[in-house]
Amino acid sequence: MNYKQIEEKWQNYWKEHKTFEVENGGEKPPYYILVEFPYPSGDGLHVGHVRSYTAQDAIARLKRMQGYNVLFPMGWDAFGAPAEQYAIKNHVHPSEAVKKSIQTFKKQMETLGFSFDWSREFATTDPEYYKWTQWQFLQFYKHKMAYKANIPVNWCPKCKSVLSNEDAAGGVCERCGTEVVQKEKSQWMLKMASYAEDLLKGLDDTNFAERVKLGQINWIGKSNGVELDVQIVGGGSFSVFTTCIETIYGITFFVIAPDGKLIKELMPRVENKEEVLNYIEETKKKSNMDRTELNKGKTGCEVKGIKAINPINGKEVPVYLGDFVLGDYGTGAVMAVPSHDERDFEYAKAHHLEMIQVIDGKDTTEHAFEKQDYLGVGCKLINSSEFTGLTVEEAKKAITAKLVDMGVAREVSNYKMRDWIFSRQRFWGEPIPMIYCDKCGWVPMNEEDLPLLLPDVAEYEPSDDGESPLSKISEWVNTTCPKCGGPARRETDTMPNWAGSSWYFLRFMDAHNDKEFASMDAMKYWGKVDWYNGGMEHTARHLLYARFWVQFLYNIGLVPNKEMIWTRVSHGMVLGSNNEKMSKSKGNVINPDDIVNEYGADTLRVYEMFMGDYQQDAPWNTDSLRGCKRFIDKVVRLKEKVMDGNNYSKDLESLIHKTIKKVEYDTYHLGYNTAISALMILTNAMDEKDSITKEDYHVLLTLLNPYAPHITEELNEMLGYAPICESSWPKYDESKTVDSEITIGVQVNGKLRGEITISKDEEKDSILEKALNNEKVKNFMEGKEIVKTIVIPNKIVNIVIK
RNA sequence: GCUCUUGUGGCGGAAUAGGUAGACGCGCUGGACUCAAAAUCCAGUGAUUUAAUAUCAUGUGGGUUCGAGUCCCACCAAGAGCACCA
């Protein structure tokens with residue numbers, strides 16, 4: 001068998017017959033299957049891509065055979081830093097590099113036999129596509145959902161460029177090793193925080209896997225608590241948010257953010273200016289994550305000359321700077337109760353601050369007595385004036401009520417999720433279609449002037465001041481104000497690559513529309529994405545951004561549903577054979593092309609589906625891959641045993657019906673490995689026989705087809721049947737999947753001692769009699785008294801003796 | 001640090017609602033076929049034990065139950081994400 005030839009033959013057949021191209025409409029029910037479109041890197045397709053694409057391909061092929069109009073599209077998420085870096089190095093326009101990578105990826109996907117509808121292909125870097133990304137940004141702006149703010153970024157003074165948190169890990173620039181500092185930049189923001197509650201509620205209208213929902217919920221990070229106003233002695237005030245208002249009498253100091261507004265306002269009254277300014281400088285060197293780690297949260301200094309007043313009792317307490325409080329998150333200040341919060345406790349220890357225990361029940365000299373320990377166990381307040389003696393739960397209510405009554409506090413929900421920083425100081429992204437005019441301020445471009453194309457130049461070195469490379473291209477930057485016609489400058493930041501991927505699934509529904517990003521009719525026809533698969537690493541962020549984008553479009557009437565994705569699942573990674581993430585530096589990378597050349601696409605597909613639990617990471621193992629090749633070879637060899645016959649062999653009938661049921665169920669429930677296993681069992685059963693019928697073989701090939709589409713088509717054609725891709729999925733007869741005789745275990749005192757054979761649904765009494773008469777069971781019961789017998793029909797018998 | 005996930009043979013992994021732990025595959029051992037090899041086929045393969053036997057086994061320690069890989073509590077270990085990598 002020449003696998004290569006066979007695979008090419010069928011790939012051409014599908015292409016020529018446009019087997020997988022779909023129309024919007026028709027009699028068949030629509031079904032939309034989506035895999036995350038890849039970033040087309042120069043390295044080519046990863047075996048990890050093959051895993052998830054094969055899984056979704058199997059679903060797509062099965063659904064088609066069951067009579068659905070299946071949309072299974074593919075495209076390219078092609079903006080991003082690697083293409084830009086490549087362009088800087090080689091002085092070619094990134095669009096050239098990207099074009100090449102896309103060709104490679106597409107070729108690889110074709111050789112793997114994925115049933116994508118290529119007629120709907122696009123890249124986020126196509127002007128016809130990013131025109132609409134820009135258009136949608138303008139809608140955000142026009143609905144007051146986009147604004148400018150000063151946000152600190154990681155800045156490498158030597159490379160003169162903005163770094164991602166990853167590239168700034170450990171506080172040094174990954175490229176040159178220089179210490180990274182925080183630098184403020186004016187950035188476009190999208191008001192995502194205002195959608196927090198809707199994004200939380202919207203999860204009820206989805207069928208996301210539990211762990212995916214959990215990821216979303218945790219990212220949004222809702223907590224209910226109290227926002228408290230705190231007065232400063234001598235004028236001024238700030239607010240703090242707390243979920244533990246019951247500990248208010250335990251406040252012994254406040255901590256404010258060194259990078260916040262408040263400290264700037266207070267500066268004129270600060271007595272130890274030098275110390276405070278030094279600490280602020282120190283903080284600039286740290287990333288947010290370095291700052292918020294518990295073990296690093298003890299640095300800081302007192303803000304001398306400033307005292308804050310605890311609103312409940314008028315007590316004056318000191319104010320400290322601490323870098324674990326972030327200036328751009330929450331209110332930029334926290335109340336500190338060292339007796340009841342471990343981080344406050346350690347901070348207080350380090351700075352020799354007072355501690356007041358206000359909840360009774362545990363000694364607080366060594367560690368704080370925290371809420372996870374005192375909540376819900378009836379602990380009572382101490383040292384808390386009129387609230388002393390109340391339980392924590394009572395006190396929470398009573399103290400909140402009093403503060404609200406005093407007009408100094410409000411019950412609020414707080415969300416961890418912040419607004420979306422939408423600017424990047426990069427070349428290779430969608431230009432933000434905004435223009436700055438000295439007279440009119442920020443003015444949006446006219447929609448009819450979109451797309452705003454990236455300039456066609458080949459130099460993208462970053463500028464010295466952290467501005468985007470675009471800022472150096474003056475002929476591109478200088479323009480006229482759309483409002484007053486005077487001279488004006490374009491925004492030179494570009495969008496993050498999350499932008500293009502936030503709505504691409506909508507475009508697939510109507511990929512060639514040049515009037516709208518997608519027509520309402522097309523979106524109504526397909527409805528939601530029925531099944532979306534991607535990596536676990538995207539379940540929090542990409543998915544949240546996409547949902548936010550869709551909810552916004554829904555609110556302004558441009559999409560038919562508030563949630564456009566119904567089911568979302570995520571796959572585990574394919575690791576190297578040493579159980580580590582594949583990477584060039586570790587030398588454990590497997591190139592799918594090599595595997596396809598040596599073993600064939602079908603073998604690779606079957607192996608990746610068989611290699612383990614789809615949702616978990618799995619290490620590559622070439623020996624196991626060979627096992628899958630052997631399985632396919634065995635299926636091929638079965639051809640020699642085929643005799644005429646249009647029915648299933650009598651002794652295979654039950655197993656065939658069971659296998660149809662199992663493969664169908666498992667393919668729809670992420671059980672790809674057990675589906676393959678069931679097919680192996682059926683194959684082995686056929687192999688044991690001297691001959692099988694044509695129909696036996698035909699059904700095996702059909703069941704295997706979603707996983708190994710090429711070889712099954714070829715063998716099927718040899719039998720003289722119509723192509724499987726144009727046929728129907730076999731139906732199973734439920735009654736034939738049930739055995740009439742069952743072997744069950746008999747336990748004595750919970751330990752397995754024997755086996756009996758019973759007929760299905762046999763009476764309990766009769767089962768028990770068989771169990772008691774079993775020779776081995778008898779041995780164990782000799783001379784003992786039966787205390788109790790448990791008979792679970794069709795499952796097990798347990799005899800309890802004494 | 002926070003959040004999540006996962007711990008089952010030599011390995012990848014099965015085990016639908018608490019009911020015969022180890023399906024299926026890999027690897028290994030022995031055998032058949034062959035001049036030989038590859039391929040293929042047959043048998044065996046959790047540990048301890050003298051052969052049938054029995055005992056012990058699902059990260060550790062408890063608990064619930066007639067019965068726990070599965071449920072509950074406490075712990076240990078590994079991996080992933082944490083807002084400018086995509």
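Please read these numbers as outputs of a predicted model, since none were measured by experiment. In the text below, chain A, chain B and the rest are named by the order of the sequence lines, each starting its count at 1.
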ask   = In whole angstrom, what separates M417(A)'s CE from A83(B)'s P?
value = 15 Å

message = So T789(A), base contact, sugar-phosphate only, or nothing? Heavy-atom distance under 4.0 Å.
response = nothing

task = Treat primed atoms plus P, OP1 and OP2 as sugar-phosphate and everything else as base, then score nucleotides 9-14 of chain B 5' to 3': B for base contact with protein heavy atoms under 4.0 Å, S for sugar-phosphate contact only, - for none.
result = ---BSS

message = Looking only at the side chains, is there a donor atom on one of D613(A) and N673(A) sitting less than 3.5 Å from an acceptor on the other?
response = no

query = Taking only side-chain nitrogens and oxygens of R343(A), does any of them come within less than 4.0 Å of OP1 or OP2 of C2(B)?
reply = no

task = Determine the contact category for A81(A): base if any of its heavy atoms lies under 4.0 Å from a base atom, sugar-phosphate if only primed atoms, P, OP1 or OP2 are that close, otherwise nothing.
result = sugar-phosphate

query = Which is true for N749(A) with a 4.0 Å heavy-atom rule: it touches a base, it touches only sugar-phosphate, or it touches nothing?
reply = nothing

inquiry  = Under 4.0 Å, counting only non-hydrogen atoms across every strand here, what does T743(A) touch: a base, just sugar-phosphate, or nothing?
reply    = base

query = When you check the side-chain N and O atoms of N533(A) and Y614(A), is any donor under 3.5 Å from an acceptor?
reply = yes

inquiry  = Salt bridge check, D633(A) against R630(A): does any charged N sit closer than 4.0 Å to a carboxylate O?
reply    = no

message = In dot-bracket form, 5' to 3', how is RNA chain B paired? Count Watson-Crick and G-U wobble pairs only if both distances fall under 3.5 Å, and write | where the partner sits on another strand.
response = (((((((..(((......[....)))((((((.......))))))(((.....)))..(((((..]....))))))))))))....

ask   = What does Q425(A) touch in the nucleic acid at a heavy-atom separation under 4.0 angstrom: a base, only the sugar-phosphate, or nothing?
value = base

key: Whole-Å gap separating C1' (G67(B)) and CD1 (I801(A))   = 15 Å

ask   = So what does I790(A) hit on the nucleic acid, given a heavy-atom distance under 4.0 Å: a base, only sugar-phosphate, or nothing?
value = base

inquiry  = Between C1' on G25(B) and CD1 on I681(A), what's the gap in Å once rounded to a whole number?
reply    = 11 Å

query = Looking for any heavy atom pair under 4.0 Å, which part of the strands does W219(A) touch: base, sugar-phosphate only, or nothing?
reply = base

ask   = Which is true for E84(A) with a 4.0 Å heavy-atom rule: it touches a base, it touches only sugar-phosphate, or it touches nothing?
value = nothing

task = Would you mind classifying the nucleic acid contact of L214(A) as base, sugar-phosphate or nothing, using non-hydrogen atoms under 4.0 angstrom?
result = sugar-phosphate

ask   = How would you label the contact of R626(A) with the nucleic acid (heavy atoms, under 4.0 Å): base, sugar-phosphate, or nothing?
value = nothing

ask   = Base, sugar-phosphate, or nothing for F780(A), non-hydrogen atoms under 4.0 angstrom?
value = sugar-phosphate

ask   = Charged N to carboxylate O below 4.0 Å: is that the case for D739(A) and K658(A)?
value = yes

Check: T125(A)/W76(A) side-chain N/O donor and acceptor closer than 3.5 Å = no

ask   = Between U20(B) and N798(A), is there an OP1 or OP2 to side-chain N/O distance shorter than 4.0 Å?
value = no

inquiry  = As a test of understanding, state which of R568(A), R547(A), R541(A) forms a side-chain hydrogen bond (donor to acceptor under 3.5 Å, both in side chains) with Q216(A).
reply    = R547(A)

query = Closer than 4.0 Å, any side-chain N/O of R424(A) to the OP1 or OP2 of C84(B)?
reply = yes

request  = Establish, with yes or no, whether the OP1 or OP2 oxygen of C56(B) is under 4.0 angstrom from a side-chain nitrogen or oxygen of K751(A).
outcome  = yes

task = Check R426(A), R424(A), K185(A), Q425(A) against D493(A) for a side-chain hydrogen bond (donor to acceptor under 3.5 Å, both in side chains) and give me the one that passes.
result = Q425(A)

ask   = Can you check G9(B) for me, syn or anti if syn means within 90° of 0?
value = syn

ask   = So does Q187(A) reach the base of C84(B) with its side chain, donor to acceptor, closer than 3.5 Å?
value = yes

message = For a quick test of reading the model, state the closest non-hydrogen atom pair linking T492(A) to L470(A) and the distance between them.
response = O-CD1, 3.4 Å

Carboxylate-amine/guanidinium proximity below 4.0 Å for D687(A) and R637(A) = no

query = Heavy atoms under 4.0 Å, any strand shown: does K634(A) hit a base, just sugar-phosphate, or nothing?
reply = sugar-phosphate

ask   = Salt bridge between E598(A) and R626(A), side-chain N to carboxylate O under 4.0 Å?
value = no

key: C1'-based separation of A68(B) from A57(B) [nearest Å]   = 14 Å

ask   = Is A17(B) syn or is it anti, if syn means the base angle is within 90 degrees of 0?
value = syn

inquiry  = For a quick test of reading the model: is some side-chain N or O of R541(A) closer than 4.0 Å to OP1 or OP2 of A80(B)?
reply    = no

request  = For H538(A), report the nucleic acid contact type (base, sugar-phosphate, nothing); a contact means any heavy atom under 4.0 Å.
outcome  = base

query = Does any N or O donor sit under 3.5 Å from an N or O acceptor when you compare the side chain of Q747(A) with the base of C66(B)?
reply = no

task = Mark yes or no for a side-chain to base donor-acceptor pair under 3.5 Å between D623(A) and C26(B), with no hydrogen or angle criteria applied.
result = no

request  = Give the C-alpha distance, both sets of side-chain angles, the deciding distance and a yes or no for side-chain hydrogen bond (donor to acceptor under 3.5 Å, both in side chains) between N794(A) and D761(A).
outcome  = CA-CA 6 Å; N794(A) 303 332; D761(A) 299 326; 3.0 Å; yes

query = Checking all strands, does G215(A) fall into the base, sugar-phosphate, or nothing category for heavy-atom contacts under 4.0 angstrom?
reply = nothing

